[in-house]
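Single-structure report; data block below.
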Amino acid sequence: MKYKIAVIYGDGVGPEVIGAAIKVLKALDLDAEYVEIKAGYEYWRQSGKPIEDGALDVIKDCNCILKGPLMTPPSPKSYRSVTITLRQVLDLYANVRPFKSFGRTSKKVDMIIVRENTEDLYSGIEFKIGSTAITLRIVSERASKRIARFAFELARREGRKRVTVVHKANVMKESCGLFRSAFFEVAKLYPEIQADELIVDAAAYRIVVAPETLEVLVTPNMFGDILSDVAAGVVGSIGLAPSANVGDKHAMFEPIHGTAPDIAGKGIANPIASILSAAMMLSHLGEVEKAKAIESAIDKLISDGRVLTPDMGGIAKTVDVANEVVRLARTILQLQH
Ligand code: ATP
């Protein structure tokens, strides 16, 4: 086999949507072995562990990870988020989240949020002093420059004209101030790309009222997490938004949505975010033809409007969408040969 792909199906709708993505990959004859890694809330309830022993070694031996959403109970006594742990341990420092309107809104949205993935309020450094709880916000120059460089390189590769740093440096003068100044220092290396800035609250407003004016946003961890859900709402459904977590050695691909417990097990979750995450994985592996065929298939599926899940106003099941993507992508690939 050419590729070894670690698969974490996840909780809630995870097995349904990741199952659909793997169905598409298999139908397009990707030369890959799929290695399942057990993790998440259900696994923890059965085994007392949030992820299988030895999982990290298996993952490091794979070309990349395809992952569904995982549930982490909010109680301080439960385990630390497996997703955040994997991002930190594998140093997956860039979280890339493209948002496209696919013709479903009056505005043509085509924006990418690049979220720093290892620091900020998600560093996991928390404690209590008496009855006061403290979470430390860690922002290093190294990580801030690294994510800024990643965003500019992405913009250059994709032919984008502008990169916008999102921050709250007017209030958090140290941590956001550092993130902002690292960005503008890196920007000098990319004179052909316009570098500008938005305060996070203004960024949230802009994403809602004028998303078509945004190209690439680069944000600290928590702002990116929240703004991504806003952007997903703007483009029509959180079930449409894929993501990549990329480091220098490893990469993990996952839908941005959560476990959607309200619809889990009903067979109606939208698999498009997971299938597009699989397409991002294919591009990362250099399987560009297959990746583009999937993306074009999804464009067509959405513009046809016949096979859509209820979150997009349709009545189709998860499996119907996967089958239709397979049919369209195969046609596109056959036409090319
Ligand atoms: P978690 O605690 O895992 O984050 P959540 O319910 O808080 O779960 P999401 O899972 O992101 O957050 O769900 C938010 C809303 O979006 C829910 O109404 C859910 O049903 C819907 N949703 C999420 N993913 C999908 C999907 N793939 N298809 C359709 N609807 C979805």
message = Please check if the number of heavy atoms outside L335 that lie under 6.0 Å from its CG is greater than 12.
response = yes
ask   = What heavy-atom pair brings S277 and F253 nearest, and what distance separates the two atoms?
value = O-CB, 3.6 Å
ask   = Would you say the side chain of M280 lies within less than 4.5 Å of the side chain of P98, judging by non-hydrogen atoms?
value = yes
request  = Indicate yes or no: does D120 engage R115 in a salt bridge with an N to O separation below 4.0 Å.
outcome  = no
inquiry  = Between E254 and R87 (salt bridge meaning N to carboxylate O under 4.0 Å), is one present in this structure?
reply    = yes
key: side-chain contact (heavy atoms from CB on, under 4.5 Å), paired with L178, selected from H167, K173, E141   = E141
ask   = Rounded to the nearest 0.5 Å, how far does CG of L301 lie from CZ of R327?
value = 9.0 Å
inquiry  = Salt bridge or not between R306 and E324? Use side-chain N to carboxylate O under 4.0 Å.
reply    = yes
ask   = Is there a side-chain contact between I147 and T219, using heavy atoms and a 4.5 Å cut-off?
value = no
query = Between the side chains of R97 and S228, does any donor sit under 3.5 Å from an acceptor?
reply = yes
key: Ion pair K2/E33, N-O distance below 4.0 Å   = no
query = E153 and Y190: side-chain donor and acceptor closer than 3.5 Å?
reply = yes
message = Under 4.0 Å between a side-chain nitrogen and a carboxylate oxygen: does that hold for D196 and R162?
response = yes
inquiry  = For K161, is there an ion pair with E215 - N to carboxylate O distance below 4.0 angstrom?
reply    = no
request  = Return the minimal non-hydrogen interatomic distance between A39 and I8, and the atom names on each side.
outcome  = CB-CG2, 4.0 Å
key: pair V307-V325: side-chain heavy atoms closer than 4.5 Å   = no
query = What residue among L227, V109, L198 forms side-chain contact (heavy atoms from CB on, under 4.5 Å) with I207?
reply = L227
ask   = Without hydrogens or angle criteria, can the side chains of K108 and S101 be said to hold a donor-acceptor pair below 3.5 Å?
value = no
ask   = Taking D91 as the fixed residue, which of K60, K249, R146 is the one that meets the salt bridge (charged side-chain N to carboxylate O under 4.0 Å, His left out) rule?
value = R146
request  = Begin with the C-alpha distance, continue with both residues' side-chain angles, and end with the deciding distance and a verdict on side chain to side chain contact (heavy atoms under 4.5 Å, CB included) for N270 and T318.
outcome  = CA-CA 6 Å; N270 190 343; T318 310; over 6 Å; no
message = Any carboxylate oxygen within less than 4.0 angstrom of a Lys/Arg side-chain nitrogen, looking at D29 and K290?
response = no
request  = Assess the pair F183 and F152: is the distance between their ring centroids shorter than 6.0 Å?
outcome  = yes
query = Just by distance, with hydrogens left out, do N245 and Y93 show a side-chain donor and acceptor under 3.5 Å apart?
reply = no
request  = For R206 and T213, test the side chains for any donor-to-acceptor distance below 3.5 angstrom and give the result as yes or no.
outcome  = yes
ask   = Does the side chain of L90 reach to within under 4.5 Å of the side chain of M252, using non-hydrogen atoms?
value = no
inquiry  = Ignoring hydrogens and geometry beyond distance, is a side-chain donor-acceptor pair present between T118 and Q88 at under 3.5 Å?
reply    = no
request  = Test E287 against E289 for side chain to side chain contact (heavy atoms under 4.5 Å, CB included), laying out the working first.
outcome  = CA-CA 6 Å; E287 298 283 343; E289 198 182 36; over 6 Å; no
ask   = Can R137 be said to sit on top of F223's aromatic six-ring, NZ or CZ under 6.0 Å from centre and within 45° of the ring axis?
value = yes
message = Under a plain distance cut-off of 3.5 Å, with no hydrogens placed, do S237 and D311 share a side-chain donor-acceptor pair?
response = yes
task = Count the heavy atoms belonging to other residues, nucleotides or ligands that lie under 6.0 Å from CD of E192, then report whether that count exceeds 12.
result = yes
